[in-house]
There are 2 protein chains.
Amino acid sequence: MKMSGGVEWALHCCVVLTAAAGPVPAARLAELHDVSGSYLAKQLQSLARAGLIHSVQGHAGGYALTRDPANITVLDVVAAVDGAAPAFTCTEIRQRGPLATPAEACAIPCPVHRAMIAADEAWRAALRDVTIADLAAGVTSDYGPGTFDGIRRWLG
Amino acid sequence: MKMSGGVEWALHCCVVLTAAAGPVPAARLAELHDVSGSYLAKQLQSLARAGLIHSVQGHAGGYALTRDPANITVLDVVAAVDGAAPAFTCTEIRQRGPLATPAEACAIPCPVHRAMIAADEAWRAALRDVTIADLAAGVTSDYGPGTFDGIRRWLG
DNA sequence: CCAACTCGGATAAGTTTTGTCCGAGAACGA
DNA sequence: TCGTTCTCGGACAAAACTTATCCGAGTTGG
């Protein structure tokens with residue numbers, strides 16, 4: 001039960017892109033966060049494939065958000081980087097063994113599966129309630145209104 | 001973001017132990033669910049280490065629940081088998097890089113971390129709301145009142 | 001037209017999870 | 001009381017996934 005470490009990087013990158021004026025290269029984002037540029041590229045590609053950011057190639061290229069930060073939820077980023085599949089996978093062991101339940105009685109998920117589905121949905125709902133814009137607002141609230149100005153200046 | 005497959009086995013075993021009169025050997029539980037006995041033993045050991053079940057050695061030994069099923073939550077089982085650590089681990093990348101936040105300003109978790117903590121807590125709360133007794137009641141409701149009688153009979 | 005810079009996917013190393021085995025210990029029957 | 005049989009418990013490999021890296025294709029700007 002461990003989430004990909006790339007999720008943290010991706011979320012921080014999305015928050016930074018909120019402040020950026022134009023496209024930002026992956027290498028610049030990696031330097032800003034002091035992480036492996038080669039690996040961060042992988043996470044950004046996942047975000048691009050999910051349609052959360054779009055890439056601009058060429059001399060002054062880089063990555064930029066595709067839509068308003070208020071319309072990108074944390075769940076979107078987590079699903080893009082870590083995968084959209086639920087953490088729990090039911091293998092239907094109730095249909096196996098000497099006392100196997102017949103398949104026609106298995107129209108609805110078993111009680112164990114139901115509990116896991118409910119927990120997963122609660123988790124998703126919590127992540128869906130927070131947007132990238134909310135995170136950016138939290139950064140401003142925590143570290144002062146000039147924080148993003150400094151980032152914008154450093155990005156060039 | 002994948003939960004250990006052993007969690008499913010462990011939960012089903014706990015439900016079965018609800019119906020058992022005496023201790024049940026790991027091999028018997030494995031045969032009932034048609035899974036690897038060697039590997040199921042590992043999960044049961046985790047449950048025993050967590051104090052959810054206790055082992056009885058010797059000729060007529062096996063595993064039995066230590067307390068009332070209504071006092072064992074699904075979260076207890078998940079934490080025992082899959083680990084109690086939260087899925088998301090914050091690496092404090094805000095304290096790294098050229099624009100690093102000074103350590104004295106990092107008394108509280110960053111916004112990203114806060115969102116993850118909230119989601120994790122929602123997930124835990126959902127799992128804490130369901131007990132092994134609830135799962136057993138769900139089985140009875142789904143497959144009929146005689147289900148556990150059949151299991152008890154098969155266990156011998 | 002050239003050159004430099006960007007992303008994109010294909011390619012290895014490390015780590016965790018999964019799966020298996022045999023030895024130590026305890027209870028029952030003789 | 002002793003031996004046998006059954007049980008758990010921890011130590012030992014195999015496999016899958018995550019992590020990390022590289023170089024080529026494509027595009028922009030001068």
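Lettering of chains follows the sequences in order, A, B, ..., and the numbering in each one begins at 1.
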Please give the angle, rounded to 10 degrees, between the axes at the start and the end of the helix from dC1(C)-dG30(D) to dA30(C)-dT1(D), where five pairs define each axis.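 Between the axes fitted at each end of the helix from dC1(C)-dG30(D) to dA30(C)-dT1(D) lies an angle of 10°.
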Give me the ring orientation class for H12(B) and H33(B): parallel if the planes are under 30° apart, tilted from 30 to 60°, perpendicular past 60°.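 Correct class here is perpendicular.
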Determine the interplanar angle of the W9(B) and Y39(B) rings, folded into 0 to 90°, and report it as parallel if under 30°, tilted if 30 to 60°, perpendicular if over 60°. perpendicular
Mind calculating the distance between NE2 (H54(B)) and C1' (dG9(D)) to the nearest angstrom? 17 Å
Charged N-O contact under 4.0 Å between [X] and [Y]:
{"X": "R94(B)", "Y": "D142(A)", "value": "no"}
{"X": "R153(A)", "Y": "D149(A)", "value": "no"}
{"X": "K2(A)", "Y": "D82(B)", "value": "no"}

What is the nucleic acid contact for G6(A), judged by heavy atoms within less than 4.0 Å: base, sugar-phosphate only, or nothing? nothing
Residue-phosphate contact under 4.0 Å: R49(B) side-chain N/O, dG10(D) OP1/OP2: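 It does, given that an N or O in the side chain of R49(B) lies less than 4.0 Å from OP1 or OP2 of dG10(D).
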Indicate whether OP1 or OP2 belonging to dT7(D) is found under 4.0 Å from a side-chain N or O atom of S55(B).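 No, S55(B) has no side-chain N/O under 4.0 Å of OP1/OP2 on dT7(D).
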Letter by letter from the 5' end, nucleotides 25-30 of chain D scores (B base, S sugar-phosphate only, - none; protein heavy atoms under 4.0 Å) --BBS-
Under 4.5 Å between any side-chain heavy atoms of [X] and [Y], yes or no?
{"X": "R114(B)", "Y": "L135(A)", "result": "no"}
{"X": "M1(A)", "Y": "V78(B)", "result": "no"}
{"X": "T147(B)", "Y": "L99(A)", "result": "no"}

Derivation of the side chain to side chain contact (heavy atoms under 4.5 Å, CB included) call for V16(A) and V24(A): CA-CA 9 Å; V16(A) 168; V24(A) 181; 5.9 Å; no
With the threshold set at under 4.0 Å for non-hydrogen atoms, list the residues of residues 84-98 of chain B touching DNA chain C in residue-number order.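 Residues of residues 84-98 of chain B that come under 4.0 Å of DNA chain C do not exist, since none gets that close.
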Which is more 5' along DNA chain C, the nucleotide nearest S38(A) or the one nearest M1(A)? Just name the residue. S38(A)
For DNA chain D, find the residues of residues 7-27 of chain B with a heavy-atom distance under 4.0 Å and give them by number; none if there aren't any. P25(B), A26(B)
Strictly below 4.0 Å, heavy-atom distances to any atom of DNA chain D: list the hits from residues 39-48 of chain B, or just say none.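 Contacting residues: K42(B), Q45(B).
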Under 4.0 Å from a heavy atom of chain B: give me the 5'-most and 3'-most nucleotides of DNA chain C that qualify. dT18(C) to dC28(C)
